[in-house]
There are 4 protein chains.
Amino acid sequence: MNTHSLKGETNVGKKKGAKYEQIIEAAVAVIARFGYHQAQVAKIAKEAGVADGTIYLYFTSKEDLLISLFEEKMGQFIETIRTRIQTKQTFEEKLLLLIQTHFEQLQANPQLAIVTQLELRQSNKELRKKINQILKGYLLLIDELIKEGQSSASVKQQLDSRLVRQMIFGTLDEVVTNWVMKDCKYDLVVQAKPIHQMLVSGISERLS
Amino acid sequence: MNTHSLKGETNVGKKKGAKYEQIIEAAVAVIARFGYHQAQVAKIAKEAGVADGTIYLYFTSKEDLLISLFEEKMGQFIETIRTRIQTKQTFEEKLLLLIQTHFEQLQANPQLAIVTQLELRQSNKELRKKINQILKGYLLLIDELIKEGQSSASVKQQLDSRLVRQMIFGTLDEVVTNWVMKDCKYDLVVQAKPIHQMLVSGISERLS
Amino acid sequence: MNTHSLKGETNVGKKKGAKYEQIIEAAVAVIARFGYHQAQVAKIAKEAGVADGTIYLYFTSKEDLLISLFEEKMGQFIETIRTRIQTKQTFEEKLLLLIQTHFEQLQANPQLAIVTQLELRQSNKELRKKINQILKGYLLLIDELIKEGQSSASVKQQLDSRLVRQMIFGTLDEVVTNWVMKDCKYDLVVQAKPIHQMLVSGISERLS
Amino acid sequence: MNTHSLKGETNVGKKKGAKYEQIIEAAVAVIARFGYHQAQVAKIAKEAGVADGTIYLYFTSKEDLLISLFEEKMGQFIETIRTRIQTKQTFEEKLLLLIQTHFEQLQANPQLAIVTQLELRQSNKELRKKINQILKGYLLLIDELIKEGQSSASVKQQLDSRLVRQMIFGTLDEVVTNWVMKDCKYDLVVQAKPIHQMLVSGISERLS
DNA sequence: TATGAATGAGACTTCATTCAT
DNA sequence: GATGAATGAAGTCTCATTCAT
């Protein structure tokens, strides 16, 4: 579970430095502003204030830059969630905090939300595969949480944990995507509680 | 309620005929096999057994072809669901049948599943916008179902119906995408019931 | 000097008939309205009220149609001038009438003027060569007139008749082109006299 | 009066350099050799000894290249004439020198003559419009000359200066076009004097 | 005669990546 | 380390012409 450390030394062997971050930030900004298909290397270089060729001193290819971007941003994203939910005891508290932290982080950085929810999904299969690889870290975190919940009898044990995870992640993803497509103009975090409630108790009105 | 008929006369004014369908089927096959970015017009034409130029007798542009593909396929997809769930009375039965029909249709045509779940999502903003427009038909169908459920006190009335829809659609979409990414090699339809169960009653084990 | 008769039987061996003329008129109309590069065979066929293929029953190719158009129209144009100037006796009267008739005919049919002055000149070398071949009939007519003028000592005998012809034709052509480019919105015929005057006596103010 | 300098810094803001000129010269050569419609960007690039893409570092489009070509060449052409005729005092001397310089420049560069007299006239409306814009510089120069001539009572004051200009330009243009169509194989410059004579005193033999 | 659906060659332009400086 | 000019492959669409009906 140490594939992503808190300090971001994950890309061992990769040149780092001020420019490395600078280029990634430029990529996020350019993609958010112009869209995936209009985010040429030249534009990113200009935004970063470096020459086109300089990008290739820090990344082996444009694909590598995009993967690194996702890795970097998603790594922090996941670690923040992981750390925070450790402070909670029960499954339900942890799930709620996961949702809240998920939403908070994206709401705090709408540019990043645009990039990860909309733009990077337009990339080709190869890149998407690698992005999914990184996403897997998050999915595993959710899986753990679910299994923990089942162990402690907080989550119905007969449920397929994979399906549970798909429901949780699918729901969060869809909610965020809708928010981004509405130009991030309403409050996302406030929806954490009702969503948590739905996931936990379902949507059906039943006599109990 | 008649925007999409069962017989597919929806694209009134568009040239139809054997070749029209033939080209759309070829496009589905080529995109599924080679991916969105490797689905050149020439390849689609060859697959359809027509000349490149012939495509432009039936579609105004490549984009128009892709939109028509989605429109055609998604139109049928939605209508099939709409029609089938009318046979059920209660909200829960309808929701279950919606999920089952959703899964059945994609499982019956894995090529189409690949195209709609993975490949067409890589398209440019313009095309994506139009695809979303068509998808909206499905989302509205779900919305109706939810509101009906709330009217009949089957669905908790305090829930935001938009959030409920996002949970349902997000979950189905995520489940199908996972299935497609695992090469459609397990049974999708069989998961309809547990998913329905989770959506309806939530994941939490509670004393009642 | 009988390459173009008054009755248009010049294209011996060519199918004629109502449709032949109909297609040529359609071509003139379409080229005048849409320009040379937007005058597709399909558009001309539609304007003529026939099928695309029908055009090829009357013309061997699009090029043949355009050449026939020019031949037909220019043949009439030249013959009208030839006939009318025969009614005059002196060189100067004949030249004036040539200019007037040249202008009158184009002013009476601005569509044709657009086609011959602007649009057909955008055609490729091959077609242009053939058009020039037809134009040669007009140039020869002017040549004859000049030589006649020199024989009767109306035109300076030391002048190279080819240059004289180039001045006359070049001037008329430039004047008409300017008129067409100003959307044919002023009176062209009224300029015949001053132009005639300039050609005859030059532009210089000299004491005599 | 300073729209075109002698040194060619007119296209301020446009990337210049050896390659810029090199590509323009290549375009002239290719168009002269193969004709307008067979002058593909690839061919021009090859002739210039650069990659296809390099052309787009110096010109925004093929159209831009062709316009720049005309601008560059015509700009020099006009300036040379303007400068040279300033050395003469009388209208007649100036007109003669204009004609001579016009002919000399084209005779010195038959390739350019082919391009401007024949090939570029086949271009589409948009390009032609821009070419005419540039030509207007030359027409204005002639206009000035004529008005000057009228002020100094060298040119008949009752003449419409626009018509005079049309006669002068139309004549020169027709003469050069004939020369180009005869493969530039006779002496053009030698015809300057007789043409000048015709323009000045007309073609008519009159007793005085 | 007449139709019109089908054909298929051909070109402009973009942009990730390189490499001489 | 940093630059940025140069590279060159690759794809959508048009339209004159044909030919089975």
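Within every chain, numbering begins at 1; the chains are lettered A, B, ... in the order of the sequence lines, protein sequences first and strands thereafter. The figures here come from the full heavy-atom set of this structure, side chains too, leaving out hydrogens, waters and symmetry mates.
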*F:dA2 phosphate, OP1 or OP2: any side-chain N/O from A:Tyr58 under 4.0 angstrom?*
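For A:Tyr58, the contact criterion (side-chain N or O under 4.0 Å from OP1 or OP2 of F:dA2) is met.
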
_With a cut-off of less than 4.0 Å, is there a side-chain N or O of A:Lys19 near OP1 or OP2 of F:dG1?_
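Negative; the distance criterion is not met.
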
Taking atom [atom2] of [N] as reference, at what distance in whole Å does atom [atom1] of [X] sit?
{"X": "D:Phe34", "N": "E:dA11", "atom1": "CZ", "atom2": "P", "result": "12 Å"}
{"X": "A:Tyr36", "N": "E:dT14", "atom1": "OH", "atom2": "C1'", "result": "15 Å"}
{"X": "A:Tyr20", "N": "F:dA2", "atom1": "OH", "atom2": "P", "result": "15 Å"}
{"X": "A:Ile55", "N": "F:dA5", "atom1": "CD1", "atom2": "P", "result": "15 Å"}
{"X": "C:Phe59", "N": "E:dA2", "atom1": "CZ", "atom2": "P", "result": "13 Å"}
{"X": "B:Asp64", "N": "F:dT12", "atom1": "CG", "atom2": "P", "result": "14 Å"}
{"X": "D:Lys46", "N": "F:dT7", "atom1": "NZ", "atom2": "P", "result": "14 Å"}
{"X": "C:Ile44", "N": "F:dC15", "atom1": "CD1", "atom2": "C1'", "result": "12 Å"}

_Span that lies between the P atom of F:dT21 and that of E:dT1, in whole angstrom_ =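 It comes out at 22 Å once rounded to the nearest Å.
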
*Hey, does D:Val115 have a side-chain heavy atom less than 4.5 Å from the side chain of D:Tyr36?*
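No, their side chains stay 4.5 Å or more apart.
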
Listed partners of [X] passing side-chain hydrogen bond (donor to acceptor under 3.5 Å, both in side chains), at least two apart:
{"X": "D:Lys43", "value": "D:Gln40"}
{"X": "A:Lys73", "value": "A:Glu25"}
{"X": "A:Glu119", "value": "A:Gln122, B:Lys125"}

*Excluding sequence neighbours, so at least two apart, what forms side-chain contact (heavy atoms from CB on, under 4.5 Å) with A:Ser61?*
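side-chain contact (heavy atoms from CB on, under 4.5 Å) check on A:Ser61 returns A:Glu63, A:Asp64.
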
*Check: C:Ala48 main-chain N/O paired with C:Gln22 side-chain donor or acceptor under 3.5 Å*: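 Yes; at least one donor-acceptor contact below 3.5 Å.
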
*Encode nucleotides 15-21 of chain E as B, S and - characters from 5' to 3', where the letter depends on protein heavy atoms closer than 4.0 Å: B to the base, S only to sugar-phosphate, - to neither.*
SSBB---

Residues forming a salt bridge (Lys or Arg N to Asp or Glu O under 4.0 Å) with [X], sequence neighbours excluded:
{"X": "C:Lys19", "value": "none"}
{"X": "C:Arg121", "value": "C:Asp173"}
{"X": "C:Glu21", "value": "none"}

*Ranges pairing with ranges for DNA chain E, where each run has three or more Watson-Crick or G-U pairs under 3.5 Å*: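 Correct response: E:2-21 with F:2-21.
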
